[in-house]
Amino acid sequence: MAYFDSASSAPLHPVAHQALQAALDEGWADPARLYREGRRARLLLDAAREAAAEAVGCRPDELVFTPSGTYAVHAGVAGARAARRRVGGHVVVSAVEHSSVLHAGHARVPEGDGPAVTEVPVDRTGAVSPETYAAALRADTALACLQSANHEVGTVQPVAAVAEACRAAGVPLLVDAAQSLGWGPVDGAWSLLTASAHKWGGPAGVGLLAVRKGVRFAPQGPVDERESGRVPGFENLPAIVAAAASLRAVRAEADDEAARLRTLVDRIRARVPELVPDVEVVGDPVLRLPHLVTFSCLYVDGETLLHALDEADFSVSSGSSCTSGTLTPSHVLRAMGVLSEGNVRVSLPSGTAEAEVDRFLSVLPGLVAGVRERLGAPVGPLARTGAAADAPSLVVDALGKLCPIPVIELAKVIGDVPVGGTVTVLSDDEAARLDIPAWCEMRGHEYGGRQGTAYLVRRLV
């Protein structure tokens, strides 16, 4: 089985496994106690904190361990915002942040002047503009949040430039570094940083939160004497030791492994559009994580394709609304304005063999073709359906039909109107807002806009 979903959770690194076993024997005692076993546990905890802080690029006393990356995000957002409540409650985030950041940003935000949360738009690669981000900062902005790299499409964000804009405005910047920390430190004068161990090959159930000295921070919720009063409860010391040890190990391997995986991902990015018709590769082609590539396939049900890949022994993920079981595509793809149907995210773990990538490329075309055939997708750009030829306009009723059916129905009849003729697609599927304009761009037709559930398409070729 080829596991290609390390962006969700990376396989446990061998060093993490070894450190976990050793820490279970040596680190079971309470590190807050003064007797021998407690002192031994404290030494392990301090060493883990120093190793993690070195990887993050902060002081050990600026970093605490949390029960998860989500906990770190929620604690970081709540603590930073509460400390600046006299400034205001406004929060700035990018539109493609991880859901944990979006949920934390929108949670219990007090009313102020204008929207309580501003979501900064992104371009079609998924990146924010530093200038647009800076313009979203207000006098009542308590906190700004920006991921270091996107979890769905791999695009690296301009953190350093945004951090400088936030510093000039006097606003702390929280960086979600979950996807990138294993590859290297986050550049720029960020104020807070969060990450999650299972993203880099550490055990699940360990996150970290770094708060720079001088950044105002007021922990929310119950507190005790542990983890600088920011995270209550007994530390999961064996898991923390394993997380820090694996972070140090993956960072030692990062340069060589990043270069090797980038070559494999470049092969996927280049070969998939050559092997599979009607595919859009999304995300920045250059400023991206080395191990991640995402593409979307026209006329494909994402859930069916992922099941087919699973049967072919490939574990991949998707941001397609067809896969999520809802009418709404991934908020990341929606913010980017790219094709959502048949979406596949491939994220290669360290050690992925070249032969497995080649096997993926060899089986993918047949699997996509099989899904399209089962869905009745048209063959060729102007497949005729038998309707009255060259009717000046047609209406396709796809109400109640989920992706990719509305686009398939559109493709079936576009050849039945003359060049300059129109097709109106009636669809209440949320994915149609992305997929019909994307189809027009990919196939060289004019998208005439949407009114309610009616989408207008003009044939140009």
Side-chain angles (χ1 to χ4, degrees), residues 93-103 105-106 115 117-126 150-153 155 278-283 294-307 316-345 368 371-372 375-377 395-414 422-443 445-457:
V93 300
S94 83
V96 294
E97 294 297 315
H98 189 272
S99 58
S100 64
V101 176
L102 297 179
H103 292 158
H106 283 277
V117 177
T118 296
E119 293 191 7
V120 180
V122 297
D123 61 20
R124 282 185 66 84
T125 71
N150 186 259
H151 51 291
E152 288 196 26
V153 301
T155 297
D278 299 315
V279 164
E280 181 180 10
V281 180
V282 300
T294 299
F295 55 88
S296 300
C297 310
L298 273 176
Y299 318 134
V300 168
D301 177 341
E303 183 174 5
T304 303
L305 179 56
L306 262 60
H307 280 311
V316 300
S317 186
S318 173
S320 170
S321 60
C322 308
T323 304
S324 65
T326 71
L327 290 176
T328 306
S330 149
H331 72 278
V332 172
L333 300 178
R334 189 169 67 248
M336 293 168 62
V338 296
L339 182 69
S340 72
E341 63 188 49
N343 180 259
V344 174
R345 181 185 69 180
V368 172
V371 173
R372 286 172 171 168
L375 291 172
V395 175
V396 172
D397 186 355
L399 293 171
K401 299 178 181 178
L402 304 184
C403 76
I405 301 303
V407 173
I408 289 177
E409 296 300 319
L410 167 61
K412 285 180 177 179
V413 304
I414 192 68
T422 62
V423 176
T424 299
V425 182
L426 304 180
S427 175
D428 50 6
D429 176 21
E430 184 68 22
R433 298 190 183 192
L434 296 177
D435 297 343
I436 290 177
W439 180 88
C440 292
E441 182 174 347
M442 295 172 70
R443 304 315 295 265
H445 300 295
E446 178 185 340
Y447 175 58
R450 175 178 65 94
Q451 290 187 343
T453 59
Y455 297 79
L456 182 65
V457 175

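Keep in mind it's a predicted model, so treat the numbers as computed, not measured.
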Sidechain-backbone polar pair: S318 side chain, N343 backbone, donor-acceptor under 3.5 Å: yes
Short side-chain donor-acceptor distance under 3.5 Å, D123 and T125: yes
Nearest non-hydrogen partners of C297 and L305, listed with the distance: SG-CD2, 4.5 Å
Nearest-0.5 Å distance, CD1 of residue I414 to CZ of residue R443: 10.0 Å
Full working for side-chain contact (heavy atoms from CB on, under 4.5 Å) between H103 and S100: CA-CA 5 Å; H103 292 158; S100 64; 5.8 Å; no
Closest non-hydrogen atom pair between D278 and Y299, with its separation: OD2-CE1, 3.7 Å
Step-by-step side-chain contact (heavy atoms from CB on, under 4.5 Å) determination, D429 to K401: CA-CA 7 Å; D429 176 21; K401 299 178 181 178; over 6 Å; no
Contact check, side chains of P406 and E409, non-hydrogen atoms, under 4.5 Å: no
Under 3.5 Å: donor-acceptor pair, side chain of H445, backbone of W439: no
Inter-residue atom distance S330.OG - H151.NE2, 0.5 Å rounding: 6.5 Å
Considering all heavy atoms, the nearest G337-L434 contact: CA-CD2, 3.7 Å
S296 side chain vs L339 backbone, donor-acceptor pair below 3.5 Å: yes
Criterion side-chain contact (heavy atoms from CB on, under 4.5 Å) on V96 and E152, from CA distance to verdict: CA-CA 9 Å; V96 294; E152 288 196 26; over 6 Å; no
Side-chain donor-acceptor contact under 3.5 Å, D435 with S340: yes
Close side-chain approach of E119 to L102, heavy-atom, < 4.5 Å: yes
Closest contact, heavy atoms only, I408 versus G376: CG2-O, 3.8 Å
Heavy-atom donor-acceptor pair, D428 side chain to G400 backbone, under 3.5 Å: yes
Where V407 and E341 come nearest, the two heavy atoms and their spacing: CG2-OE1, 3.6 Å
Side-chain heavy atoms of V396 within contact of L410, under 4.5 Å: no
Residue pair R334 / E430: nearest heavy atoms and the distance that separates them: CD-OE2, 4.4 Å
Test log, rule side-chain contact (heavy atoms from CB on, under 4.5 Å), inputs R124 and E280: CA-CA 12 Å; R124 282 185 66 84; E280 181 180 10; 2.7 Å; yes
Nearest-0.5 Å distance that lies between atom CG in D397 and atom OG in S427: 9.5 Å
